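Every chain is numbered from 1, with letters handed out A, B, ... down the list of sequences. Note that the structure is predicted; figures quoted are calculated from it, not measured.
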Amino acid sequence: MQLYDTLTRGKQELPPPPAPVRMYFCGPTVYQRAHIGNARPYILGMWLRSWLRSRGYDVTLVHNITDINDRIYEAAPGASAELAARATQWYLEDTDLLGLGRPDALPKASEVVPQIVRFISDLIEGVHAYESEGDVYFRVASFPEYGRLSGQRPDQVEEQGPNARKDDPRDFALWKANKPDEDTWWDSPWGRGRPGWHIECSVMAEELLGPAFEIHGGGLDLVFPHHENELAQSRALGHDFAQIWTHNGLLRFTGSKMSKSEGNVVTIRDAIERWGRETVLVFFLTAHWSKPIDFSDETLVSAAARVDGFREVFRGPFQAAPARAWEGFEAALDDDFNTPDALAVMHGFGRDHELLRRALDVFGLASLAETAEAPSEIVELAKQRQEARAARDFDEADRLRTKIEAAGWEARDVADGFQLVPR
RNA sequence: GGCGCCGUGGCCGAGUGGCUAGGCAGAGGCCUGCAAAGCCUCGCACACCAGUUCGAUUCUGGUCGGCGCCUCCA
């Protein structure tokens with residue numbers, strides 16, 4: 001099993017099963033309803049866990065929730081904690097709609113503040129951090145490896161606005177002194193304040209997975225500065241931290257990135273309400289996880305057609321796939337979790353219900369194998385239609401078909417009678 | 001200014017130094033009372049320009065174009 005790793009810019013091999021695979025995926029900042037782009041790392045994490053477990057790995061997936069952040073203070077002056085709690089609930093509800101279950105742990109930044117304080121204290125004890133008027137900053141110059149993950153050179157990074165508290169404009173905040181309009185804070189050796197953005201992830205990951213773990217995931221837009229800084233903080237303390245960094249491509253919406261600041265947002269709920277959870281999942285399956293993907297009517301319509309196609313397979317007779325067909329599926333996913341390739345293999349399963357069901361199950365799509373039972377009154381109409389056809393009264397047969405269709409079912413003639421399929 | 005990703009047939013999208021990706025949409029046919037579903041058949045694909053090579057969509061360099069990041073965006 002290998003995965004593309006941002007740090008080494010190449011595919012990295014995982015040790016063979018049943019080795020432990022500890023995964024940390026960066027989750028959302030909770031201050032409003034999550035958009036469909038936020039779902040990508042969540043879905044990727046859940047799918048990877050599912051696949052690796054079926055391959056015999058001992059998998060632990062941690063997916064964090066950032067509930068301390070400027071955006072939250074801004075969005076709910078005087079009630080930031082309440083908003084964070086509510087938006088956390090929204091996120092859980094919305095991702096639950098995808099039907100993939102939950103990660104093994106969903107830690108929140110606000111629950112690990114004491115550990116964060118300890119982590120920062122350790123950095124100050126070395127040469128890597130310093131206190132300044134109630135803030136604490138990471139000293140980028142103290143860490144020669146800085147920039148390896150993102151390829152950024154600290155001296156080339158765009159000039160920031162002046163901040164007199166920093167020794168060097170490239171330094172980043174580990175702890176921020178409380179401001180008058182910030183209604184949530186914690187006490188610390190440096191006074192009242194709250195953690196900076198990046199430190200929480202280093203702490204939560206190491207808290208739950210240890211100082212060295214296998215996979216760290218998140219959106220491509222987090223490579224710099226977020227993940228670069230996480231890596232710097234942890235390595236500066238001598239921790240190995242993540243071995244493989246998986247960064248998922250971003251969703252595009254009418255050409256540009258879907259993001260809250262662009263205002264071109266479709267929430268997870270909206271997407272599922274409009275397209276259904278299966279179509280949304282298949283949509284994500286159609287592109288490799290590391291590549292950008294366009295959220296458009298065209299791509300979703302195409303995904304919906306594919307969903308119908310899979311459902312159709314289970315309505316027809318069983319026919320065994322060629323020998324070794326499953327191996328192709330395994331090979332596709334073992335090679336950098338190539339879901340578009342796996343999808344092509346799945347189409348090659350033909351009418352082998354068993355194989356297709358097994359494959360769909362990896363992605364939480366086993367529901368596509370379930371065939372719907374028509375209500376008795378519809379079955380009755382279909383029987384009447386069969387009689388009309390037998391009597392060669394085709395006007396009556398077509399009238400009944402129209403009636404069946406109006407009730408949401410499609411009457412098909414098959415060799416030994418009829419078949420009713422939801423429309 | 002710096003860093004990174006990407007350009008494949010109408011659309012989506014894998015992949016490979018020479019051997020059919022696949023799906024969606026479309027055209028024709030078989031089947032059907034008519035359909036639907038299914039099955040069969042079909043379409044000069046690899047941004048551009050050089051180079052390496054017996055041979056490049058695949059490697060190298062450049063050009064053009066799209067996208068992302070540059071200290072609180074998944």
Side-chain angles (χ1 to χ4, degrees), chain A residues 6 9 25-29 34-45 66 68-73 137-138 140 147 150-161 163 166 169-173 176 195-198 200 217-226 228-229 247-252 255-262 282-283 285-288 290-294 296 298-306 308-309 312-313 315-317 332 335 338-348 351 389 392-395 397-398 401 405 410-414 419 421 423:
Chain A
T6 307
R9 308 246 139 74
F25 272 66
C26 273
T29 298
H35 64 74
I36 188 67
N38 290 301
R40 181 117 96 148
Y42 161 79
I43 292 171
L44 177 63
T66 296
I68 306 172
N69 187 286
D70 278 0
R71 297 272 174 105
I72 304 171
Y73 291 118
Y137 292 96
F138 185 89
V140 167
S150 62
Q152 294 285 345
R153 300 183 48 85
D155 54 313
Q156 295 288 357
V157 168
E158 205 169 47
E159 280 295 311
Q160 298 306 306
N163 179 343
K166 293 185 182 180
R170 302 165 300 177
D171 294 347
F172 60 88
K176 293 182 159 187
W197 178 31
H198 320 293
E200 33 146 341
L220 197 58
D221 52 352
L222 296 182
V223 176
F224 191 89
H226 187 52
E228 190 72 69
N229 291 354
H247 288 107
N248 61 270
L250 304 180
L251 251 71
R252 283 186 311 217
S256 63
K257 176 176 83 156
M258 182 185 294
S259 76
K260 290 157 188 168
S261 49
E262 298 266 334
V282 168
F283 161 75
L285 240 25
T286 58
H288 186 96
S290 65
K291 297 256 178 106
I293 182 170
D294 281 306
S296 67
E298 255 182 335
T299 53
L300 270 296
V301 164
S302 182
R306 227 192 262 251
D308 285 342
E312 197 59 48
V313 169
R315 294 182 185 128
D335 183 7
N338 191 332
T339 56
D341 197 14
L343 224 34
V345 174
M346 285 160 71
H347 286 293
R351 295 199 166 279
R389 289 185 66 229
R392 303 196 65 77
D393 182 355
F394 298 123
D395 286 347
D398 290 346
R401 177 159 61 198
E405 283 174 359
E410 180 187 309
R412 296 179 181 173
D413 303 326
V414 293
Q419 183 177 42
V421 173
R423 302 184 75 209

Query raised in the report: Nearest to the side chain of A:Leu250 - B:A36, B:A74, B:A14?
Result: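 That would be B:A74.
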Query raised in the report: Between B:C6, B:C69, B:C5, which one does the side chain of A:Arg9 approach most closely?
Result: B:C5
Please report the distance separating the [atom1] of [N] from the corresponding atom of [M], rounded so that it comes out in whole Å.
N	M	atom1	value
B:G26	B:U20	P	27 Å
B:G33	B:A27	P	24 Å
B:C40	B:G23	P	10 Å
B:U52	B:G65	P	28 Å
B:A36	B:C31	P	15 Å
B:C48	B:U8	C1'	15 Å
B:C44	B:A50	P	25 Å
B:C69	B:G10	C1'	33 Å

Within the 4.0 Å heavy-atom criterion, would you say [X] contacts the bases, only the backbone, or no part of the nucleic acid?
X	result
A:Gly217	nothing
A:Arg351	sugar-phosphate
A:Gly218	sugar-phosphate
A:His226	nothing
A:Gly151	sugar-phosphate
A:Asn69	base
A:Gln152	base
A:Arg153	nothing
A:Ala39	nothing

Query raised in the report: Are the side chains of A:Pro195 and A:Ile68 in touch, meaning some heavy atoms are under 4.5 Å apart?
Result: yes
Report the distance from atom [atom1] of [X] to atom [atom2] of [N], rounded to the nearest whole Å.
X	N	atom1	atom2	value
A:Gln419	B:A37	CD	P	12 Å
A:Leu300	B:A25	CG	P	15 Å
A:Arg40	B:G68	CZ	C1'	13 Å
A:Glu298	B:G10	CD	C1'	9 Å

Report task. For the pair A:Glu228 (side chain) and A:Gly147 (backbone), establish whether a donor and an acceptor sit closer than 3.5 Å, ignoring hydrogens and angles. Result ->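 Confirmed, A:Glu228 side chain pairs with A:Gly147 backbone.
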Tell me every residue that passes side chain to side chain donor-acceptor pair (under 3.5 Å) with [X], counting only those two or more places apart in sequence or in another chain.
X	value
A:Thr299	A:Ser296
A:Asp308	none
A:Asp171	A:Tyr130
A:Tyr137	A:Asp135, A:Asn163

Report summary line: Its dot-bracket string being built from Watson-Crick and G-U pairs below 3.5 Å, with | for another strand and [ ] for crossing, RNA chain B has the pattern (((((((..(((.....[...))).(((((.......)))))....(((((..]....))))))))))))....
Any [X] side-chain nitrogen or oxygen under 4.0 Å from OP1 or OP2 of [N]:
X	N	answer
A:Asn338	B:G15	yes
A:Arg252	B:G68	no
A:Thr29	B:A74	yes

**Report entry** Ion pair A:Glu410/A:Arg315, N-O distance below 4.0 Å
**Finding:**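 No salt bridge links A:Glu410 with A:Arg315.
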Might you list the N or O atoms of the protein lying below 3.5 Å from N or O atoms in nucleotides 30-34 of chain B, with each pair's distance?
unit_1 : atom_1 : unit_2   : atom_2 : d
B:G33  : N7     : A:Arg389 : NE     : 3.4
B:G33  : O6     : A:Arg385 : NH2    : 3.3
B:G33  : O6     : A:Arg389 : NE     : 3.4
B:G33  : N1     : A:Asp398 : OD1    : 3.0
B:G33  : N2     : A:Asp398 : OD1    : 3.4
B:G33  : N2     : A:Asp398 : OD2    : 2.7
B:C34  : O2     : A:Arg401 : NH2    : 2.6
B:C34  : N3     : A:Arg401 : NH1    : 3.3
B:C34  : N3     : A:Arg401 : NH2    : 3.4
B:C34  : N4     : A:Asp413 : OD2    : 2.7

